[in-house]
Every structure is written in C-alpha cells, then in structure tokens.
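See structure below.
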Amino acid sequence: MKVLVVGNGGREHAIAWKLVQSPQVSLCLCVPGNGGTANLAKCENISLSVEDFAGISELCKDNQIDLVIVGPEVPLSLGITNYLQAENIKVFGPDQVGAQIEASKSWAKALMDEAGVPTALGETFTDAKLAQEYIAQQGAPIVVKADGLAAGKGVIVASTVEEAQNAIAELFELGFEKLVVEEFLVGEEVSVLALTDGITVRPLLPAQDHKRIGEGDTGNNTGGMGVYAPAPIAPPQFMEKITQEVLQPTVETLRKRGIDYRGVLYAGLMVHEGEIKLLEYNCRFGDPETQAILPLLETPLEEILLACAEQRLSEFPSLKWKAASSVCVVLASEGYPGTYEKEKEITGIDQAEQQPAVVFHAGTKMQLGQLVTDGGRVLGVTATGETFTDAIAQVYQAVEKIDFEGKYYRRDIGHRALKH
Ligand code: AMP
Ligand code: GLY
C-alpha cells in the first residue's frame with residue numbers, strides 16, 4: 001500500500017512513523033513533511049504546499065497512491081477531500097462541509113444542539129452590541145469564541161465582563177463576522193479522538209494534554225506542552241458513555257444532513273463530577289495527542305484508515321491496544337508561545353531514542369547537514385511504560401539527552417494521571 005500524509009508537524013511525523021512500521025506500507029510520501037519524516041525508512045518528503053491540491057493530486061497519480069491522510073484542519077476546510085475525491089483518490093479526512101465542525105464554532109454549536117449532545121449553553125452573535133448586552137446580563141466568567149479558524153487564538157475565557165466585552169470588540173475588528181458566547185464550564189478536560197467512516201465510529205484511547213506553558217498548568221495557552229494516554233479520567237465504561245452520548249449521535253446527525261464524514265471526529269470534553277459536556281469538535285487528529293496515542297495502537301493504522309475511507313469500519317469491531325501508558329513531552333524554544341529564536345543546533349536525538357523513546361519532530365529542519373530548530377514547538381518525545389510512573393521516568397531520561405540552546409519543557413507532564 002502506498003500512502004501520502006499531508007502536513008508538517010509532530011502529528012504528521014507520528015502518523016507516518018506508525019504507517020511505515022507496517023510491512024504492508026511500501027511508500028509514504030509526506031507533503032511537505034519535516035526533519036523527522038525526512039529520515040524515516042520508506043518515507044519521502046515532497047516540497048509542495050498543503051494547499052496545492054492540483055499538485056498533490058498529480059503526485060498521487062504519478063505514484064499510484066492508495067490513500068491520502070490529511071493532518072491539519074486548514075486544507076480540510078479548504079476542500080482538499082472534495083478535490084481529491086473528484087479525481088478518484090481515496091482520502092482520510094472530512095470534506096469541506098464536514099470540516100466546518102472545526103472551522104465554524106456556530107455551525108458546530110448548532111450541530112451539537114441538533115444531535116442532543118450535552119454542551120455549554122450559548123448564543124451566536126453577528127452584532128457586537130447585542131453580544132455585549134448578553135454578556136452584561138450573563139456576567140462572568142464567560143467564554144467568547146470566534147467563528148472561524150484562528151490557529152488556537154479564537155477562544156477567550158474571560159474572568160470579567162469587561163474582558164469579555166473587549167474580546168468581542170477586538171474579534172469583530174479582526175474581521176470575524178460571527179461569535180459564539182457561552183457559559184464557563186468547570187472541570188477537567190479530556191480529548192477523545194474517534195475514527196469514523198460516516199456510519200461506524202471507533203474511539204481511540206482518551207488523552208489529556210497540558211495546554212499551559214508553565215508547570216502546574218499556569219501561564220499562557222500553547223498548542224500543547226505534553227500529553228498522556230490513556231487518560232485515567234475516562235475509563236472504558238466512561239468511554240462507552242462518550243460514544244453513546246456524543247460520538248454516535250454526532251455521526252448520525254451529520255449523516256442525516258447528508259454529510260459523508262470519513263476521518264477523525266475529535267471531541268474536546270469537559271468532565272465534572274462524572275458528567276460530560278462537549279467544549280469543541282476538531283476535524284482531524286490532535287497534536288500532540290497523536291504522538292502519545294499512536295505508539296499504543298496495535299491494529300495496523302493503514303488498515304483502519306483505509307477502512308474509514310472505504311466506509312467499512314464496521315469490519316473492525318474493536319481496535320487493539322498495548323496495555324501500557326504513554327507520555328509525550330514537548331520541547332519548545334525559549335520564549336514560546338511568544339517570540340523565540342530559530343536555527344539552534346539540536347543534538348542527542350539518537351541517544352534519546354536509545355532510552356527507549358521515540359522523538360517526533362514538530363519544528364525542525366536540516367541546515368548544511370545539521371538538524372536545527374525551526375519553530376516554537378521543536379520536538380515531542382514519547383515513551384511508554386507499564387505504568388505512568390514508568391513512562392514518565394523513561395520520557396524525562398530521554399528528554400535530558402537532547403540539547404539545543406533555549407530548550408524549554410515542563411517537568412510535570414502526566415502529573416494529573418498520577419493523581420488518579
Ligand atoms: P476550544 O477551541 O473551543 O476547545 O477552546 C479552547 C480552550 O478554551 C478549551 O480547551 C478550554 O480550555 C477552554 N474553553 C472553551 N470553552 C470553554 C467553556 N465553555 N468553559 C470553560 N473553558 C472553555
Ligand atoms: N491538542 C489540541 C489540538 O490538537 O487541537
């Protein structure tokens with residue numbers, strides 16, 4: 001089987017890494033890929049934009065690609081799936097309408113209501129004044145969400161009415177035309193990524209990420225500083241509840257609307273005293289969740305992704321997992337999520353991988369034969385162990401082998417798993 005992975009992050013490195021482990025996969029093209037995928041056996045980076053659908057289509061035909069797996073939300077929301085399917089190319093990832101589940105907060109909110117999925121109470125606004133009046137009535141804390149892809153910067157959890165009202169003004173000024181204002185929910189978050197072929201849905205192991213930059217979950221929000229799976233907060237019977245109350249009704253409602261959704265349905269959930277509420281959907285694999293989840297997967301990934309694209313996921317009544325715990329720690333550039341320097345020499349990856357651990361590249365590149373930093377989040381180091389205590393010890397031993405100027409990471413990834 002020949003596959004093509006779209007994207008260049010740690011998530012895409014983890015997907016490609018998993019795919020090429022299978023003897024059935026003979027070639028994995030990565031568009032554009034990164035410093036990690038460049039060095040994988042059977043893998044080749046192709047320097048094309050993820051938005052160059054015509055180029056990707058041609059590449060698929062020239063190489064007889066059997067399946068395209070789309071990592072990021074942007075090409076999905078621009079309709080990469082529609083384009084490639086029209087050229088008879090199989091794709092794992094929803095079409096442009098389905099991708100609105102992530103690309104439009106108001107669309108997603110309406111879908112949640114239609115599906116009867118438990119979520120925060122909220123209203124959609126196209127008028128700043130009405131939104132501000134609503135906030136004054138509701139009081140704070142309150143949450144403001146921009147309607148549109150905002151690279152993780154479109155959600156403001158406001159602790160005062162004034163902060164929320166300022167956020168409204170700013171988002172409209174930035175050019176967003178619609179906003180969702182919703183009640184503030186308390187609890188612990190968990191990410192449940194599910195695979196679906198538009199009919200059948202199979203959740204992956206639940207994961208919990210650490211979004212804040214600082215230890216003890218303090219400071220600014222980031223793309224994610226580390227993650228662990230399976231999250232003890234969502235044991236198997238709880239996953240069954242999530243499947244019944246959130247995932248299955250969502251897939252059924254999409255189908256009723258005529259949306260043939262074949263890809264990842266990612267539910268960001270808030271758990272409080274055993275109750276679940278859906279915070280958001282994403283239309284793709286999570287980053288860095290994927291880097292912690294895929295090392296535990298035993299069912300061949302290419303088989304299940306192809307089954308989703310061919311709408312025969314029901315052939316897999318359950319997915320097989322290693323009975324182990326997995327922890328991924330992100331190494332970032334000093335200054336991230338603010339400004340940071342790039343092109344710092346990276347050393348010690350081979351030594352880290354002897355721990356044993358696996359090092360996924362997020363923001364790296366080759367420069368004159370030397371691997372250097374090329375982003376805010378640079379690497380994701382994952383280790384698995386019989387228990388979280390083992391996995392955490394393993395991962396930090398590996399992390400310490402890696403060096404680059406300004407290396408920053410949190411030392412408390414997985415602390416919530418130990419508490420359970
Ligand atoms: P979203 O992109 O909708 O997941 O929002 C990003 C982050 O904002 C979430 O991961 C939560 O930490 C927080 N958040 C979103 N909605 C709410 C809410 N209703 N109550 C509390 N926190 C929220
Ligand atoms: N880890 C959060 C996300 O992928 O959106």
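Everything numeric in this text was worked out from a predicted model, so none of it was measured.
At a cut-off of 3.5 Å, with distance as the only test, no side-chain donor of Thr243 or Gln248 sits close to an acceptor on the other residue. Remark: the Gln291 side chain and the Asp287 side chain contain an N/O donor-acceptor pair separated by less than 3.5 Å. A side-chain donor from one of Ser159 and Glu163 sits under 3.5 Å from a side-chain acceptor of the other.
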May I have the step-by-step check of salt bridge (Lys or Arg N to Asp or Glu O under 4.0 Å) for Lys320 and Glu298, ending in yes or no? CA-CA 5 Å; Lys320 289 207 178 64; Glu298 286 191 328; over 6 Å; no
What's the verdict on salt bridge (Lys or Arg N to Asp or Glu O under 4.0 Å) for Lys109 and Glu182, showing C-alpha distance, side-chain angles and the deciding distance? CA-CA 10 Å; Lys109 202 77 188 162; Glu182 68 179 32; 2.8 Å; yes
How far apart are the C-alpha atoms of Asp260 and Arg262, what are their side-chain angles, what is the distance that settles it, and do they pass the salt bridge (Lys or Arg N to Asp or Glu O under 4.0 Å) test? CA-CA 6 Å; Asp260 190 4; Arg262 305 183 190 192; 2.8 Å; yes
After noting the C-alpha distance and the side-chain angles of Glu345 and Gln367, does the key distance pass the side chain to side chain donor-acceptor pair (under 3.5 Å) rule? CA-CA 9 Å; Glu345 210 174 291; Gln367 192 176 59; over 6 Å; no
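Looking at Ile168 and Val181, their side chains come closer than 4.5 Å, going by heavy atoms from C-beta outward. Counting heavy atoms from C-beta on, the side chains of Ile276 and Glu245 come closer than 4.5 Å. Here the side chains of Thr384 and Leu296 are in contact, with some heavy-atom distance below 4.5 Å. Side-chain contact check for Tyr281 versus Met112: some heavy-atom pair is nearer than 4.5 Å. Under the 4.5 Å side-chain criterion, counting only non-hydrogen atoms from C-beta, Cys30 is not in contact with Ile46. Proximity of Ile346 to Ile402: side-chain heavy atoms (C-beta onward) are separated by under 4.5 Å at one or more points. Contact check for Phe404 versus Leu331: side-chain heavy atoms found under the 4.5 Å cut-off. Considering only heavy atoms from C-beta on, Asp374 stays 4.5 Å or farther from Asn34 through its side chain.
Closest heavy-atom contact between Ser326 and Ala292: OG-O, 2.7 Å. In terms of heavy atoms, Pro75 sits closest to Val70 at CG-CG1, 4.0 Å. Here the closest heavy-atom approach between residue Cys283 and residue Glu102 is recorded as N-OE1, 2.9 Å. Across every non-hydrogen atom of Ala267 and Leu247, the tightest pair is CB-CD2, 4.3 Å. Annotation for Thr81 and Asp95: closest pair CB-CA, 3.8 Å, computed over non-hydrogen atoms. In this structure, Ala357 and Ala398 approach most closely via the heavy-atom pair CB-CB, 3.6 Å.
Residue Lys365 qualifies as enclosed at atom NZ: its count of foreign heavy atoms under 6.0 Å is above 12. Under a cut-off of 6.0 angstrom, the local environment of CD in Gln237 is crowded, with over 12 non-hydrogen atoms contributed by other residues, nucleotides or ligands.
Every pair passing ring pair (Phe, Tyr, Trp, His ring centres under 6.0 Å) that includes a residue from residues 10-40 is listed here, sequence neighbours excluded: His13-Phe360, His13-His361, Trp17-Phe360. Sorted by first and then second residue, the ring pair (Phe, Tyr, Trp, His ring centres under 6.0 Å) pairs with a member in residues 218-239 read His210-Tyr228, Tyr228-Phe388; sequence neighbours excluded.
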Can you give each donor-acceptor pair under 3.5 Å made by side-chain atoms of residues 186-198, sequence neighbours left out, with the distance rounded to 0.1 Å?
residue : atom : partner : partner atom : Å
Glu188  : OE2  : Gln208  : NE2          : 2.8
Glu189  : OE1  : Lys211  : NZ           : 3.4
Ser191  : OG   : Tyr266  : OH           : 3.3
Ser191  : OG   : Glu289  : OE2          : 2.8
Thr196  : OG1  : Gly198  : N            : 3.0
Thr196  : OG1  : Thr200  : O            : 2.8
Asp197  : OD1  : Ile199  : N            : 2.9
Asp197  : OD1  : Thr200  : N            : 2.7
Asp197  : OD2  : Arg312  : N            : 3.4
Asp197  : OD2  : Leu313  : N            : 2.9

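We find that Asp217 and Arg410 are joined by a salt bridge, their nearest charged nitrogen and carboxylate oxygen being less than 4.0 Å apart.
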